[in-house]
Protein chains: 2
Amino acid sequence: MDSNATEEKDRLTGTWAEFALGRLDTAGYRRGGSRSQVIDYLATRDCAVTAPEIDERLEGVGRASVYRTLEQLEELELVQKVDLGGDSAAFEKVDPAGHHHHHLVCTRCGRVLPFEDEALEEAIHELPAKEGFTIEGHEVTLRGTCRRCGAD
Amino acid sequence: MDSNATEEKDRLTGTWAEFALGRLDTAGYRRGGSRSQVIDYLATRDCAVTAPEIDERLEGVGRASVYRTLEQLEELELVQKVDLGGDSAAFEKVDPAGHHHHHLVCTRCGRVLPFEDEALEEAIHELPAKEGFTIEGHEVTLRGTCRRCGAD
DNA sequence: GTATGTGCAAAGGCTTTGCACACGT
DNA sequence: ACGTGTGCAAAGCCTTTGCACATAC
């Protein structure tokens, strides 16, 4: 079961990386080692990562390339910027299938945990009619104590 | 009617400024001109303002005092930091009565508009039970087109 | 008179930009 | 070969900090 779940995850993240590379190709970008490394790293992460974190993790890849790649990926909507209140901006891959999650930032340990909730999504989708505007995107950030810290 | 609404607003913002000054006093802070100016400015604004914006608006008040005041006010929960994705952090007064709103950032004109929604609040308050964590605060940010820009 | 408040300037971090060189096509 | 991709270093912002002077108490 667990190996099954892992395979499933690998398949999906692999799909995202391939999807991203394909879109970049279509958009006229050439292939480059630094960009590929950033994409591969993002593919392994299911939730938000900061730019400095990516830079630190990827040896031989310059900061500039990290930021430039993130900018390009965001432009193509392959990656999404997430504002979690830290000193640096965080990014995460966008699921081609359309699923998305929101974030809980633990005020004790600093962990960022993803969560999904259908009722929340519905409430948000009801808003445009009530308030009279068009929604292109939404972001929900919770601050609180995560399960692990709450058990302390 | 309009003068009535204005009076009501003045009364409430006046209340917030007085409340803030009182809390600062209780917390052992002395009075200072710069801090008062920042408080008075925040009192006039019903939605998020950035620190550089406050600094620019208040002549004779140093940047450092703006940031220091915001830090103190946030510590006493008189002001709340809001992450709207811009280059700088935004702040807004916290309603002593407990009401709060969320934000729509217009991708066309950059305006930040406040909105409230009961169904959304309910959905958020249901989350802890489902996900198993404790919520201390939450923030919802919508990106889209505001009424004014949508009419263009 | 003493401790806090404040402004200025410098320092710190994150992010962007300029430029020369490496690499993909 | 040509144009894009990349690393390095410098520059730009926002924010924080150090320090000397002003001010509240």
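Every chain is numbered from 1 and lettered A, B, ... according to where its sequence line falls, protein lines coming before strand lines.
Rounded to whole angstrom, the span from the CD atom of Glu53(A) across to the C1' atom of dT15(C) amounts to 16 Å. Regarding Ile54(A), its CD1 atom lies at a distance of 14 Å from the P atom of dG7(D), rounded to whole Å. Note: CG (Leu24(A)) to C1' (dG24(C)) measures 15 Å, nearest angstrom. At whole-Å resolution of the value, CG in Leu70(A) and P in dT16(C) are 9 Å apart. Taking atom CG on Asp25(B) and atom P on dA24(D), their separation rounds to 14 Å, with Å as the unit. Across the protein-nucleic acid pair, Asp55(A) atom CG and dG13(C) atom C1' stand 13 Å apart, rounded to whole Å. Straight-line distance from the CG atom of Leu73(B) to the P atom of dG5(C): 12 Å, rounded to whole Å.
Here Pro114(B) pairs with Cys47(B), His101(B) under the side chain to side chain contact (heavy atoms under 4.5 Å, CB included) rule; sequence neighbours left out. Contacts of Arg57(A) classified as side chain to side chain donor-acceptor pair (under 3.5 Å), with partners at least two apart in sequence or in another chain: Tyr41(A). For the side chain to side chain contact (heavy atoms under 4.5 Å, CB included) test, no residue two or more places apart in sequence or in another chain qualifies with Asp25(A).
Residue Asp46(A) holds its CG atom at 9.5 Å from CD of Glu92(A), rounded to the nearest 0.5 Å. Atom-to-atom distance recorded for Leu142(A):CG and Cys106(A):SG is 11.5 Å, nearest 0.5 angstrom.
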What side-chain donor-acceptor pairs closer than 3.5 Å can you find for residues 119-137 of chain B, not counting sequence neighbours?
residue, atom, partner, partner atom, Å
Glu121(B), OE1, His100(B), NE2, 3.1
Glu121(B), OE1, His138(B), NE2, 3.0
Glu121(B), OE2, His100(B), NE2, 3.4
Glu121(B), OE2, His102(B), NE2, 2.9
His125(B), ND1, Glu121(B), O, 2.9
Lys130(B), NZ, Asp117(A), OD1, 2.8
Glu136(B), OE1, Thr107(A), OG1, 3.1
Glu136(B), OE2, Thr107(A), OG1, 3.3
Glu136(B), OE2, Thr145(A), OG1, 3.3

Which pairs would a plain distance check flag for residues 63-90 of chain A, meaning a side-chain donor or acceptor within less than 3.5 Å of a matching protein atom at least two apart in sequence or in another chain?
residue, atom, partner, partner atom, Å
Thr69(A), OG1, Ser65(A), O, 2.8
Gln72(A), OE1, Arg35(A), NH1, 2.7
Asp83(A), OD2, Arg143(B), NH2, 3.4

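Across all their heavy atoms, Asp55(A) and Gly62(A) have their closest contact at OD1-C, 3.9 Å.
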Protein-to-nucleotide contact annotation, 5' to 3' order, nucleotides 8-22 of chain D [B base; S sugar-phosphate only; - none; under 4.0 Å, heavy atom]:
B-----SBBBB----
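For the segment residues 29-40 of chain B, the set of residues with a heavy atom within less than 4.0 Å of an atom of DNA chain D comprises Arg30(B), Arg31(B), in numerical order.
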